[in-house]
Amino acid sequence: MLKSPAFSMLVASATIGAVNAFFKVQCSLPIVQEMIDPIINPGAVSGHLHTVHGGNNFGMDLRNVPTSRTYDTARESSCTSCQVAQDLSNYWVPTLYFKDPVAGTFTKVPNGGLLVYYLDRGDGDVLNGGKGLTAFPPGFRMLSGSSMKRSLQYPPGQGSQGELAERSLQGSCLRYTTSNPGYTFTGWPTTDCEAGMRAQLQFPSCWDGVNTYLAGNAHVQYLSGMDNGACTAAFPVYLPHLFFEVTWDIHSFVTSGQWNPATQPWPFVYSNGDPTGFGWHGDFYNGWDVPVLQNAIDHCNDPNNPDQLTAGLASACPYLNVTTSAAASACQIKDAEAPQPLGIQGPLAALPGCNPLQYGPCDATSYPVTNCPAVAPTCSGANVTTTSSTMSATTSAVSSTSVKAVTTSTVSMAIPTAQTSMSSTATMALTTKAAATTSKTSTASAVTVTSLPSNGTLSFVGCYTDQASPRTLSGYTFTDNTMTNALCSATCAAKGYMYAGSEYSNECYCGNSLGDATLSTWCNGPCAGDSTSICGGTYKLSVYKASGPSTTATTKTSVTTTTATTITTSAASASTTASLPSNGTLSFVGCYTDQASPRTLPGYTFTDNTMTNALCAATCAAKGYMYAGSEYSNECYCGNSLGDATLSTWCNGPCAGDSKSTCGGTYKLSVYKASGASTTATTAATTKSSVVTTSASTTTTTVPPTGSVASPPPNGTFVGCYTDDECSPILSGYTFTDDRMTNGLCATTCAAKGFMYAGTEFSNECYCGNSLGNATLSTSCTGTCAGDSTTMCGGTDELSVYKTSVAAARKHKRAHMQRFSRSL
């Protein structure tokens with residue numbers, strides 16, 4: 001780290017007594033950015049967006065379990081985005097947004113990561129004559145700052161816990177020029193910060209020694225001097241002094257031409273609807289290897305080692321295993337159920353959640369999404385006190401903004417000053433992100449699509465996992481509260497993309513490759529614009545081949561009258577479309593890996609330059625085989641078992657005889673149950689047609705078969721095929737047998753009994769329950785339903801599992817009750 005003269009003076013400052021040791025933990029890219037806060041809103045959606053760093057086993061319910069399990073949950077992380085391997089803690093802060101002075105839209109501000117200081121401070125530190133500091137215990141968590149604060153309310157230097165909390169919010173405007181020196185501030189800076197606006201936050205360091213967490217942070221207090229001093233008798237345990245730095249690249253909006261500090265007011269706000277800067281806050285959830293942290297505190301404080309005493313290098317402490325920036329940046333959140341509002345990058349019409357800007361001076365009000373005002377009411381009241389600036393502020397429109405900024409000229413702790421870089425890694429990250437920020441409208445494509453029943457003629461690919469960065473489909477994204485899969489697909493097609501993925505009910509992603517995404521069974525969120533269809537889930541994409549709408553769905557006004565002459569259903573593949581009957585009545589099994597020898601399906605093979613999945617399936621069925629797999633666009637393989645083949649996401653080759661459908665890939669098989677599906681559209685349309693005649697047009701609409709992955713039966717959403725255990729059934733709540741069994745009958749019965757899951761097995765059996773436990777996915781649900789021979793009802797010890805309407809009702813109830821509860 002660079003050390004300026006100002007930094008050296010601060011180290012020796014009499015205000016902090018003896019020189020104290022510290023070490024820094026550099027956190028690179030966040031593991032996720034989402035509306036989640038397991039400290040303040042355990043098990044629920046938090047009120048605003050957070051940027052989360054640290055261990056990747058992060059989720060919503062960490063506080064709803066015993067303390068030992070809470071700590072174990074953090075320690076079960078497989079990686080961390082912070083560069084000390086033994087630190088699997090989580091650190092999170094609100095996200096900074098730029099509010100466009102002209103358009104009024106919100107765009108996320110880039111930053112250089114999070115830097116966390118572990119400082120040996122307070123009278124308890126051995127270098128201050130104390131007995132030593134205590135490492136954070138298992139299950140410990142705390143916060144600093146308040147998301148509701150909108151002004152300073154205590155006289156400076158008063159020393160109360162309230163005033164110390166306000167003092168902890170100090171930041172630095174980094175400028176690195178002689179003519180425009182950097183400075184510290186509370187609230188917001190009064191100028192542009194060419195080298196970054198560094199938001200800083202200090203945490204309480206005095207613990208009651210008993211409680212790992214109490215509501216309102218009542219288990220901890222600040223040191224008497226905030227960054228040094230004594231603890232009271234009621235909080236006798238001295239902890240390491242935790243200090244956050246996040247440097248936001250606000251200058252990039254100047255270089256992009258979106259903000260002119262000389263003529264336009266301060267345009268930045270935090271995701272909690274804070275335009276004042278006083279609502280800056282942070283959370284800490286301990287996941288350290290506690291003995292390692294204690295050793296680092298006790299032994300990495302050699303007064304003769306400048307790397308430990310003044311530079312704070314974690315690498316100088318032999319107890320800490322420092323990892324690379326690349327390894328930390330590669331860490332992403334595990335596949336946990338954590339709500340993620342899509343389109344968080346912006347431009348957004350409003351901040352994620354219900355967070356209208358509240359300018360104070362009184363504390364902000366929390367609003368539920370069901371009663372969210374576009375503009376928050378103005379509050380009455382006034383600041384108790386403010387601190388006048390002692391710097392020569394540059395005269396600009398920023399300094400005249402109604403948002404009050406409080407600046408000071410000194411800082412009383414041995415940390416990098418406004419002149420000092422946070423780290424070479426963070427500075428580099430900021431530099432690479434300092435290019436002009438492009439403004440991109442987030443409105444939907446000009447193609448307006450009506451909702452197609454059961455996703456109409458869309459070609460379903462599968463349910464796939466997504467992540468915060470990089471996105472599985474990263475080409476284009478938008479959010480729409482009338483989202484359907486048809487709208488998403490048509491928009492992506494209009495933008496020139498191959499794949500369309502709906503997620504989190506109202507989000508759409510477009511791209512040309514699924515990369516390394518894995519198949520999932522958790523696409524369970526109803527579409528915002530069509531509650532009967534599924535639009536992904538939390539970090540789950542319902543992926544379709546991007547395609548334009550049918551002739552009756554081109555625009556919302558293209559058809560004014562409709563006369564239904566004949567309405568029957570035809571079965572289309574759950575995974576591909578088709579021009580009828582490109583997959584006829586096929587039942588899609590999945591995309592599987594193949595190999596040169598032995599083949600996954602070795603029974604019979606042929607090549608045809610007019611290949612379709614229907615042709616392949618019909619041929620294999622005629623040859624007496626159970627499975628048909630298309631590969632490499634024009635090849636077909638038949639067999640009776642998938643053996644040890646593994647699921648894949650790389651079935652992306654168009655069929656030689658139907659470019660709208662997918663016929664595997666390179667050593668990748670699009671596998672279907674072999675059936676006597678016709679190989680010509682004429683034959684299929686003759687046997688099973690779906691004709692909707694309108695005054696404007698006639699179209700043929702295909703819907704997925706009831707036995708396939710994409711098709712929910714009445715009152716149910718398909719989850720997957722699972723292996724059952726006769727001695728210990730997966731779903732053990734209620735069971736019955738019926739020789740008229742269908743998946744709809746089973747799901748309806750289980751829902752009526754109050755169960756979330758329904759599973760059919762052995763053709764005529766139904767099982768109900770509320771959890772799948774540790775059940776494993778299977779591909780052997782091959783038994784036809786006793787009451788519907790065209791549909792699959794599990795197999796021998798194999799369950800075809802569906803979510804019932806009870807699961808949907810519970811989910812919607814939780815969403816309405818919890819989604820926008822008050823959050824830090």
Side-chain angles (χ1 to χ4, degrees), residues 26-30 33 48-53 81 91-101 105-116 145 147 169-176 180 182-201 243-256 258-259 261 264-282 344-348 351-352 355 357 398 401 403 405 407 415-423 425-437 469:
Q26 174 69 57
C27 303
S28 301
L29 297 176
Q33 296 184 71
H48 57 271
L49 189 71
H50 288 106
T51 297
V52 184
H53 296 268
S81 65
Y91 313 90
W92 59 97
V93 295
T95 304
L96 186 69
Y97 277 87
F98 166 76
K99 184 182 180 184
D100 192 297
T105 55
F106 298 88
T107 301
K108 193 158 63 71
V109 179
N111 68 69
L114 171 71
L115 191 61
V116 183
S147 67
L169 304 176
Q170 195 174 73
S172 296
C173 182
L174 307 179
R175 309 196 77 179
Y176 298 120
N180 292 308
Y183 55 93
T184 58
F185 62 87
T186 302
W188 294 130
T190 56
T191 65
D192 176 29
C193 303
E194 292 83 358
M197 182 194 81
R198 191 168 69 201
Q200 301 168 179
L201 187 66
F243 177 83
F244 285 5
E245 284 184 350
V246 180
T247 303
W248 303 97
D249 186 13
I250 66 172
H251 185 63
S252 63
F253 294 89
V254 177
T255 58
S256 68
Q258 295 171 273
W259 176 41
Q264 294 173 318
W266 182 261
F268 299 98
V269 301
Y270 284 121
S271 56
N272 50 311
D274 175 26
T276 70
F278 297 119
W280 171 242
H281 59 281
I344 59 172
Q345 177 63 40
L348 306 175
L351 293 171
N355 289 286
L357 300 185
V398 176
T401 180
V403 180
T407 59
I415 58 169
T417 69
Q419 310 295 328
T420 310
S421 65
M422 55 192 276
S423 78
T425 302
T427 304
M428 184 179 298
L430 274 179
T431 303
T432 59
K433 293 182 179 180
T437 302
S469 178

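None of these values were measured; they are calculated from a predicted model.
- Side-chain N/O atoms of T191 and Y183 include a donor and acceptor closer than 3.5 Å.
- Under the ring pair (Phe, Tyr, Trp, His ring centres under 6.0 Å) test applied with F268, the options F106, W259, W188 reduce to a single match, W259.
- Looking at residues two or more places apart in sequence or on another chain, you find a side chain to side chain donor-acceptor pair (under 3.5 Å) between T51 and Q33, T95.
- What you find for H50 and P94 is that their closest heavy atoms are CD2-N, 4.0 Å.
- Closest approach of P261 to V254, counting heavy atoms only: CG-CG2, 3.9 Å.
- When every heavy atom of W248 is checked against every heavy atom of A199, the shortest pair comes out as NE1-CB, 3.9 Å.
- One distance of note links CD of E194 with SG of C173; it measures 7.0 Å at 0.5 Å rounding.
- In terms of heavy atoms, C27 sits closest to V116 at SG-CG2, 4.3 Å.
- Aromatic ring pairs are classed by plane angle as parallel below 30°, tilted from 30° to 60° and perpendicular above 60°; the pair F253 and F98 is parallel.
- Separating the CD atom in Q200 from the CZ atom in F244 is a distance of 13.0 Å, to the nearest 0.5 Å.
- Atom-to-atom distance recorded for L114:CG and Q26:CD is 7.5 Å, nearest 0.5 angstrom.
- Distance check: N272 CG to L351 CG gives 8.5 Å after rounding to the nearest 0.5 Å.
- Between the CD atom in Q258 and the CD atom in Q264 there is a gap of 10.0 Å [rounded to 0.5 Å].
- For Y270 and W280, the ring centers sit closer than 6.0 Å to each other.
- Under the side-chain contact (heavy atoms from CB on, under 4.5 Å) test applied with T247, the options L174, L115, N111 reduce to a single match, L174.
- Inter-residue side-chain proximity for M197 and V109 is flagged as unmet; no heavy-atom pair is nearer than 4.5 Å.
- The heavy-atom pair separating F278 from G187 by the smallest distance is CE2-CA, 3.7 Å.
- Put simply, the side chain of P189 reaches to within 4.5 Å of the side chain of W266, judged on heavy atoms.
- The backbone N or O of L49 lies less than 3.5 Å from a partner atom in the side chain of S271, making a donor-acceptor pair.
- Side-chain atoms of P30 and V52, non-hydrogen and from C-beta on, never get closer than 4.5 Å to each other.
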> Step by step, would you call L169 with L201 a side chain to side chain contact (heavy atoms under 4.5 Å, CB included)?
Replying inline: CA-CA 5 Å; L169 304 176; L201 187 66; 3.6 Å; yes
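- Of all non-hydrogen atoms in P352 and Y97, the two that sit nearest each other are CG-OH, 3.7 Å.
- Rounded to the nearest 0.5 angstrom, D249 CG and T255 OG1 are separated by 7.0 Å.
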